[in-house]
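Because the structure is predicted, anything quoted here is derived from the model rather than measured. Throughout, protein chains are lettered first and strands after them, A, B, ... in sequence-line order, and every chain is numbered starting at 1.
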Protein chains: 2
Amino acid sequence: MANLNDDLARYLISTVSKRSGVKSDLVRAWERRYQAVTPTRTTGGHRVYTDQDIARLKLLNQATNNGHSISQIAQYSLDELKNLLKNEVEVVPALLSAGSTSDRVYLAEDYIEKCYAAVVAFDAKTLETHFENALVELGTETFIEHLLTPLLTIIGDRWRTGELRPVHEHMTSSIIRSLTYILRNNNPCAADAPRMVVTTPIGQLHELGALLAAIIAELKGWQVTYLGANLPAEEIAAAVKFTDARAVTISISFCTDDLVVPKEIRRLKKLIGVEVALIVGGRAAGHYKAVLDEVGVLNIQGYGHFREILDELAANKPAT
Amino acid sequence: MANLNDDLARYLISTVSKRSGVKSDLVRAWERRYQAVTPTRTTGGHRVYTDQDIARLKLLNQATNNGHSISQIAQYSLDELKNLLKNEVEVVPALLSAGSTSDRVYLAEDYIEKCYAAVVAFDAKTLETHFENALVELGTETFIEHLLTPLLTIIGDRWRTGELRPVHEHMTSSIIRSLTYILRNNNPCAADAPRMVVTTPIGQLHELGALLAAIIAELKGWQVTYLGANLPAEEIAAAVKFTDARAVTISISFCTDDLVVPKEIRRLKKLIGVEVALIVGGRAAGHYKAVLDEVGVLNIQGYGHFREILDELAANKPAT
DNA sequence: CATAGCTATACAAAAGCTTGACAATATTTG
DNA sequence: CAAATATTGTCAAGCTTTTGTATAGCTATG
């Protein structure tokens, strides 16, 4: 259980004592004599501890019970303490610690494999667990950039070659949609942030691309209204009106032979007007290049490009 | 986070006290000493609180019960408090004094109105906030039963009469889907729990019903794989195979004149076999009664009935 | 006009703090 | 090996902070 609230938790010494199993007096003695923990203080002078401190004291307690001298190990880091204990008895299940950025990118690749395996195995629970762990270990940024983006690209590819079925995609979308909650929570956005609607046009049932776009935009500080897949132009336009959005992003990942998509795009642009930017992305967007150019659409070439467009749009004041 | 509806919410201290479980005197003391809440005042000087304040006090109360020092956490934001408590659910088994059940049901009605207003206003952010607060205040059970179920019914009705547009439904689904994360987290299910696949058949694009069914089943202890809307029978069957599910629930909320739905149901039943229960629900399910009876489907009559069916199925050992 | 709210002050129990001391073990050292 | 020294867990005394609750007199609201 890696806690995200290390900097949030605020305990007084009695709680710490109960949780760590080290008596209050001893906690103070360890601090006084060896700076084993260095709690902050209230204005009145009471010690204030974090979850880290508790974890630390727990480990120190175990180590001393195992015969180690407190004066020798008091200043060890959490990791050192864990190692210390691991080698003796399998007292504590060890947790990995995060490293440098490059380490994390490497780690992400590891996660991609695991996650993809879970997708293939259709194991939603495992997939979600991997995502959660990755999120903690990699941080939101790296998670999106080096895990989610490549993973979804792979899934898209394999889906086209028939290695994966549509259900795989549905299942994955489902998990990621519920993850949105954490992602959003990590990045509260300002009230005056620019607003955007994200969806897919009618006939386009694959939402992974749109989902990713929504997440990226949210991380970039946009207020995103995500509407899922398969919406007719009028509905999208209505959402734009309702939210007073400055941009609409739609994802097109599948070429249909009929003329639905071009028609929808023309209608949508007409309905939302020139004030609102229309961004189109997705694997199959290139297929409709003619319409896109004609109508005046921002055609995304990859997620890096999408980010650039977002920055530009955010920089420009609303043209009103 | 200035929500439009905060302006509407006006509670006096006694109400706040009842709902949050913190005595009036203490609420004032927390304000005076740590600015834990900062209510506005009437012209006469009486404190006026918002829903946010109530949620906040409730969380603070819980946190202090878990050993946190009030002086240290008093100024945390709602999100910070939620994070703080997320990892600690086990510490204090919910001894929450949340008032009697009937009180909560009454409260839920209040929330229904607010949530519905947010849906009409297409205000996703406010809707999500209300959901979150309601979840804290009502508890998962009451939340599902007395807020979510009736709310979705209302939305369905209004959608049919044209008062709401399809986008409203999409937006609401989107929010609820992301909430799934919390709901699931509150109810970890056993590894040997019976498994179920939930989705809607091809042509059925409305997922609210399915979503609710998924949530209810999860609360009942099932391991649910939710697949979103609009899946052909082969895909659903594949998911059943993959997950080794004991039941499939599909929601049909819209009557199409063509024969797609009956055909899909027949095919689905044939594909999954008799071992796997096929549960069909949704507003328009009755319309296809003939097929349902012919094929041997469990036709849900309301959510109470659904619960019963779930219990029965869970009780029967897998027929293998 | 009664109920519920407000301010201000007070109080007491619980929990903290510091300092310093004291045995009971370890560890060094002569 | 024994004496000297260091380490370590505990305690106690005396004082302060935190925190929930209570009292008293006055005021707003329905």
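For the pair B:Q72 CD and C:dA15 P, the computed distance is 17 Å after rounding to whole Å. The distance from atom CZ of A:R47 to atom C1' of D:dT17 is 13 Å, rounded to the nearest whole Å. Rounded to whole Å, the distance from CG on A:N61 to C1' on D:dT8 is 14 Å. Atoms CH2 (A:W30) and C1' (C:dC17) sit 20 Å apart, rounded to a whole Å. One can place CG of A:L26 at 20 Å from P of C:dC22, the figure rounded to the nearest angstrom. In this structure, B:Y11 places its OH atom 19 Å from P of D:dT29, rounding to the nearest Å. At whole-Å resolution of the value, CD in A:E31 and P in C:dG16 are 14 Å apart. Whole-Å rounding puts the A:I73 CD1 to D:dT7 P distance at 15 Å.
Stacking of B:R177 on the aromatic ring of A:Y226 is not recorded, the 6.0 Å distance cut-off and the 45° axial limit not both being met.
The shortest distance between the side-chain N/O atoms of A:T42 and the OP1/OP2 oxygens of D:dT18 is below 4.0 Å. Between B:S69 and D:dT19 there is a side-chain polar atom (N or O) within less than 4.0 angstrom of OP1 or OP2. At D:dT19, none of the side-chain N or O atoms of B:R32 fall inside 4.0 Å of OP1 or OP2 (strictly under the cut-off). Checking the phosphate oxygens (OP1, OP2) of C:dG5, a side-chain nitrogen or oxygen of B:S14 falls inside 4.0 Å. Applying the 4.0 Å criterion to OP1 and OP2 of D:dG20, one finds that B:K23 has every side-chain N and O outside that range. Between A:T64 and D:dT8, a side-chain N or O to OP1/OP2 separation shorter than 4.0 Å is absent. A close approach under 4.0 Å does not occur between any side-chain nitrogen or oxygen of A:Y34 and OP1 or OP2 of D:dT7.
The pair B:E218-A:K125 does not meet the salt-bridge criterion, since no charged nitrogen lies less than 4.0 angstrom from a carboxylate oxygen.
Considering only side-chain atoms of A:H46, the nucleotide from D:dT17, D:dT7, D:dT10 that sits closest is D:dT17. Among D:dG9, C:dC6, C:dT18, the nucleotide with an atom closest to any side-chain atom of B:I13 is C:dC6.
When atom types are taken as modelled, the side chain of B:S174 and the backbone of B:H170 share no donor-acceptor pair closer than 3.5 angstrom.
Counting atom types as modelled, A:R33 pairs a side-chain N or O with a base atom of D:dG9 as donor and acceptor under 3.5 Å.
Proximity of B:R283 to B:D157: side-chain heavy atoms (C-beta onward) are separated by under 4.5 Å at one or more points.
Each of A:G45 and A:I70 was assigned the nucleotide of DNA chain D with the nearest heavy atom; the assignment lying further toward the 5' end belongs to A:I70. Across the interface with DNA chain D, nearest-nucleotide mapping of B:G44 and B:D25 shows B:D25 to be the residue nearer the 5′ end.
For NZ of A:K241, the number of neighbouring non-hydrogen atoms (other residues, nucleotides, ligands) closer than 6.0 Å is 12 at most.
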